[in-house]
Every structure is written in structure tokens, then in C-alpha cells.
Amino acid sequence: MRRVQIKEIADKLQVTTRTIRWYEQKGLITPDKNEENGYRSFTEKEAWRLQTIISLREVGMGIPEIKQVLDELDAGDEQDVLYYLELQRAVMFSQWIELKGMIETLDRMIGNAKEKQELVWEDIHQLVDSAKGYRDLRKTWNDRWGFDRQAAQYDEAVLREPEFNPHQNYNEALDLTCQLVNPRVGERGLEIGIGTGNLAGRFLAKGIEIAGTDQSREMLRQCHAKYPQIETKLGNFLAVPYLDDQFDFVVTSYALHHLTDEQKLLALEEMRRVLKPHGRICITDLMFENEEKRTAVQGEFLAAGKADLWEQIADEYYADRSLLLKWFADKGYVAQAKQVNDFLHILFAVPIR
DNA sequence: GTTCTTACA
DNA sequence: TGTAAGTA
């Protein structure tokens, strides 16, 4: 086979020789070297590998991540490579959202300066502080619960009835959610935290187009196995992997309680972002009417000697329903709330036109 | 003229 | 990753 020197391959691939040596130093490639002069020589195979590296680099993937992908590729795991591409897409989406946030902050700084005819640094510092707060909130979410591991048994687990069953009235609630949204044929919806697709499947059955995101690859796999028609993307509440103004409705079930209260509000902002101007939101989740109710229920559990069960609840972030309703009211939505059982509520919100 | 390594930005 | 130095 024909071998070429570094300059030739660099020209062909439109990169510098420095770049190629750098990739070698990082362990991405291992070209043969001439015994006497140490010159590297490249085959077609290696050219192809380099092209792959350059492509992945082009979409913003870091060197260590590219190394992982190449390892998967060497092992013949095409499927896993697809996962990395989706993961990368989710990462780039987070960055895009961050950039949007920076631009918005800048716009506020500029607006403030114009309004006051001068730079008021106190205001600017305050703006930056709040912007930084939001950014930190987005970054801090991580999956403490291991949904990738749960995915395979999720559907059975939902139906089991332990002493405390957070999934009591599960099917009933999902039916009700679908009913409240009352989608028309031709509308397009999104479920955030789609999991294994139990809610989305109900929309699908009505002939409604619905997309879904989840942070767990395994959940998405389960979902795809059950409903191949549903388009899914890796992503999460704080960086919904879709452009603005895309959906007629956004739904989510049994998911929001994995975010802190502050993050929940950010998530609502994200829902609104991907929603068309008059899009509606439906949230079905474990929550309490308000903080008094939460305290009261805690008291009942402790009095009944069920401290361990309460721990289980406290490990997640059951919402304060009044907080969510307040957000909806502040943002110009008319929201109605239905309580399904002691812990389960459905919130349905439509913007005022 | 090309490549290589090393160091620095 | 670009650039530059000093070699082979």
C-alpha cells in the first residue's frame, strides 16, 4: 500500500503537521516511523482515521472523548459511537444555551447603560451575579438515581405495590395527562424525561406526533424498542435539545421531582423556550400542595413510625405545587391543578393570548 | 526542502 | 494548536 509523509496527508486533510503530531502525542493515532530518520508515514487507513478525528473535532468533541469513540470503533461498536454523537449533541446544546444566556446578559447590560446614560457597575455586577447563578444551576444536575440501571426493569417496577408506592394511580394519571392536553391531529408535542415512553405512547396511540428526550441512554433504548416511531434525543430539563418555538405542547411525567426547586423553575423556562407562542404545558408529578402540606405529611409518616419511607421521599425533590403555580401566573399562564392522590398532581397550563 | 523535537504563547 | 528554533 502507498505510504505518504506527514506534509502530504496534512495538505490533503487541510490541517497542519503540528496538529497531526499533536493527535499522535495524545494517543489518537500511531503512525509507523522510518527507522533511520524517524519520519512518520501514513497509509489510507490512517488517513481515514484522521479524517474521523477531524470530523469529530469539527463538531466540538474534545480529544479525550474522541479517543473513546475511536476505541469503540476499533472494537466494532457502531451503536456506541452513535451514543457519543448524541451525547456530543447534548453537550453542544448546553453550550448553545449558555451562549444565549451570555448574550441576554449582555443585552441587559447594554440596555441598562443606555437607559441610565452611563455604566452603572452595581447593576452590571448584579446582572452578572444572577446570570452566574443560573449557569451554576444548570451545571450541577447529575443523575444520582442511576436511570441507566433502572431502565430495563422500570415498567415492571412501576406496577409493583410496595408499602409506599410513588407510582400509585400511574396509568390513570398518564391517561388524564393525555386527556388534559387534548392534542389535535397535526400537532407536535415533546415529552421531557420520556423514560420508557409510557406517556408518549398514549399520544402516539391518538395519532399525535411526539418527540422525547431523556438523559438516560438506556431509557431511550427501552423507549425505542417499544415505540420505534418516536423520535428521541439525549438531553435534559436544563438543556432541552431542541431549538426555540418547536412544539404545540410539552409534557413531563414523574420526572420533575429529580430537580431542585430552583432547577424546576429553570426547567419551566426551558419548556417555554421550545414551545410555540401559544403552546401548552402539562406536568404530572409527585408534589405537595404547599410547604404546610409537606410538613403535615412528614408528621404523619413520622408518627406512624415510617421514618424510613419518609427518607425515601425526602431523597427526591417533590415540588411545592404553589411555587409552580406562581411561576405560571407570573409568566402569563392560566394553570389548573388536579390532585390525583396524596402525592400525585397534574398541572395544566395555557398561556393567556 | 522536509521532518523532527522541544519550548513557548 | 500556532509558531519558532535548532537539527538531522
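Predicted model only: the values in this text are computed from it and were never measured. Quick note on labels: first sequence line is chain A, next is B, and so on, each numbered from 1.
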Watson-Crick or G-U pairs under 3.5 Å in DNA chain B, rendered as dot-bracket with [ ] for crossing pairs and | for another strand:
.|.||||||
For A:Phe247, give me all partners under ring pair (Phe, Tyr, Trp, His ring centres under 6.0 Å), at least two apart in sequence or on another chain.
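Expected list: A:Tyr242.
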Tell me, please, which residues at least two apart from A:Tyr170 pass ring pair (Phe, Tyr, Trp, His ring centres under 6.0 Å).
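Counting only residues at least two positions away or on another chain, A:Tyr170 forms a ring pair (Phe, Tyr, Trp, His ring centres under 6.0 Å) with A:His167, A:Tyr254.
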Respond yes when some side-chain nitrogen or oxygen of A:Thr16 is under 4.0 Å from OP1 or OP2 of C:dG2, and no when none is.
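For C:dG2, OP1/OP2 do have a side-chain N/O of A:Thr16 under 4.0 Å.
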Reading nucleotides 2-9 of chain B 5' to 3', which nucleotides get B (base under 4.0 Å from a protein heavy atom), which S (sugar-phosphate only), which -?
BSSB-B--
Between C1' of C:dT1 and CD1 of A:Ile66, the distance in whole Å
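These atoms are roughly 13 Å apart.
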Is atom CD of A:Gln229 surrounded by more than 12 heavy atoms (other residues, nucleotides or ligands) closer than 6.0 Å?
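Counting other residues, nucleotides and ligands, CD of A:Gln229 exceeds 12 neighbours.
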Residues that A:Lys306 engages under salt bridge (charged side-chain N to carboxylate O under 4.0 Å, His left out), provided they are two or more places apart:
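For A:Lys306 there are no salt bridge (charged side-chain N to carboxylate O under 4.0 Å, His left out) partners, ignoring immediate neighbours.
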Just jot down the salt bridge (charged side-chain N to carboxylate O under 4.0 Å, His left out) partners of A:Arg188, sequence neighbours excluded, or say none.
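Counting only residues at least two positions away or on another chain, A:Arg188 forms a salt bridge (charged side-chain N to carboxylate O under 4.0 Å, His left out) with A:Glu209.
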Minimum heavy-atom separation for A:Asp148 to A:Glu218, with atom names?
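For A:Asp148 and A:Glu218, the tightest heavy-atom pair comes out as OD1-N, 3.0 Å.
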Return the orientation label for the A:Trp96 and A:Phe93 ring planes: parallel under 30°, perpendicular over 60°, tilted otherwise.
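Perpendicular: the ring planes of A:Trp96 and A:Phe93 meet at over 60°.
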Between A:Thr19 and A:Thr16, does any side-chain donor sit less than 3.5 Å from a side-chain acceptor?
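A pair is found: one side chain offers a donor N or O, the other an acceptor, under 3.5 Å apart.
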